[in-house]
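Just so it is clear, the structure is predicted and the values come from calculations on it, not from any experiment.
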Amino acid sequence: APRSTIRARAVAAASEAAAAALGLPAGAPVLTLERLRCLDGRPVLLERITLPLPLFAPLADPGDDPANWGDLLYPLFSRRCGVHVHRAEDTIGFGALAAVPARHLQLAAGHPCARVERRAFDVAGRCIEWRTSLGDAHAFHYTVSIT
């Protein structure tokens, strides 16, 4: 199972891209997370996750240590915020890693990367998460089940 570490957490104003993805007005308050996911101790995904506030306000509490959240976010969203992910849409692309993400993934700058943008929705159809995941394109595998 992948291990996860929240590397950064901040409350910010939604960028135009984040606001569009989440269906919010530009500048609306959001919680941003940077998460590193590892397999067998090796970093494999660097993620930037944007969540709308006040829906995810319990996770923005500075007294709440993300080290105690566990490795999986969707059960945490349900347990702590009462938000249940019903479905998600992933858009997959490829590119090259910039210097900072490459360093976090222990790869060289310019290394080929897979980029997955996810929009997750609750049962009411609201977009409740916008996530961008970067990983090594040479080690990228993706499985989709369509029902």
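Under the 4.5 Å side-chain heavy-atom criterion for Ile, Leu, Val, Met, Phe, Trp and Tyr, Leu76 and Val11 are members of the same hydrophobic cluster. The cluster map of Ile, Leu, Val, Met, Phe, Trp and Tyr, joined by side-chain heavy atoms under 4.5 Å apart, puts Val30 and Leu33 in different clusters. Cluster membership check: Leu97 shares its hydrophobic cluster with Leu36, using side-chain heavy-atom separations under 4.5 Å among Ile, Leu, Val, Met, Phe, Trp and Tyr. Residues Leu72 and Val83 do not share a hydrophobic cluster, defined by chaining ILVMFWY side chains whose heavy atoms lie under 4.5 Å apart. By the rule that hydrophobic residues join a cluster once side-chain heavy atoms approach within less than 4.5 Å of another member, Val85 and Leu51 end up as members of one cluster.
For Arg7 against Leu46, the heavy-atom pair with the smallest separation is CD-CD1, 4.4 Å. Looking at every heavy atom in both residues, Ala21 comes nearest to Cys127 through O-SG, 3.3 Å. Scanning all heavy atoms of the two residues, the minimum distance from Leu134 to Pro101 falls at CD1-CB, 4.0 Å. Heavy-atom minimum distance, Pro58 versus Asp64: O-OD2, 3.7 Å. When all heavy atoms of Ala99 and Ala109 are compared, the pair lying nearest together is CA-CB, 3.9 Å. Closest non-hydrogen pair, Ile6 versus Pro66, comes out as CB-CB, 3.7 Å.
Side chain of Asp136 to main chain of His138: a donor-acceptor pair is present (N/O by atom type, distance under 3.5 Å, no hydrogens or angles). Here the side chain of Thr132 pairs no donor or acceptor atom with the backbone of Arg48 at under 3.5 angstrom. Judged by distance alone, with hydrogens and angles left aside, the side-chain atoms of Asp71 form a donor-acceptor pair with the main-chain N or O of Ser4 at under 3.5 Å.
Note that CD of Glu129 and CG of Leu55 are 11.5 Å apart. Values are rounded to the nearest 0.5 Å. Distance check: Arg119 CZ to Asp90 CG gives 11.5 Å after rounding to the nearest 0.5 Å. Remark: Leu22 CG to Arg126 CZ distance equals 11.5 Å, nearest 0.5 Å. Residue Arg9 holds its CZ atom at 7.0 Å from CG of Leu31, rounded to the nearest 0.5 Å. Glu117 CD to Arg115 CZ: the interatomic distance, rounded to the nearest 0.5 Å, is 4.5 Å. Expressed to the nearest 0.5 Å, how far CG of Leu45 lies from CZ of Arg131 amounts to 9.0 Å.
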Worked verdict on Phe121 versus His86 for side-chain contact (heavy atoms from CB on, under 4.5 Å): CA-CA 6 Å; Phe121 300 86; His86 176 66; 5.7 Å; no
Criterion side-chain contact (heavy atoms from CB on, under 4.5 Å) on Cys81 and Leu59, from CA distance to verdict: CA-CA 8 Å; Cys81 304; Leu59 302 182; 3.8 Å; yes
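Within 6.0 Å of CG on Asp65 lie more than 12 heavy atoms contributed by other residues, nucleotides or ligands. Atom CZ of Arg118 is surrounded by more than 12 heavy atoms from other residues, nucleotides or ligands within 6.0 Å. The 12-atom threshold is exceeded at CD of Glu89, counting heavy atoms of other residues, nucleotides or ligands nearer than 6.0 Å.
Classified by interplanar angle (parallel below 30°, tilted 30° to 60°, perpendicular above 60°), the ring pair Tyr142/Phe140 is parallel.
Arg35 is listed as a side-chain neighbour of Leu73, based on a closest heavy-atom distance under 4.5 Å.
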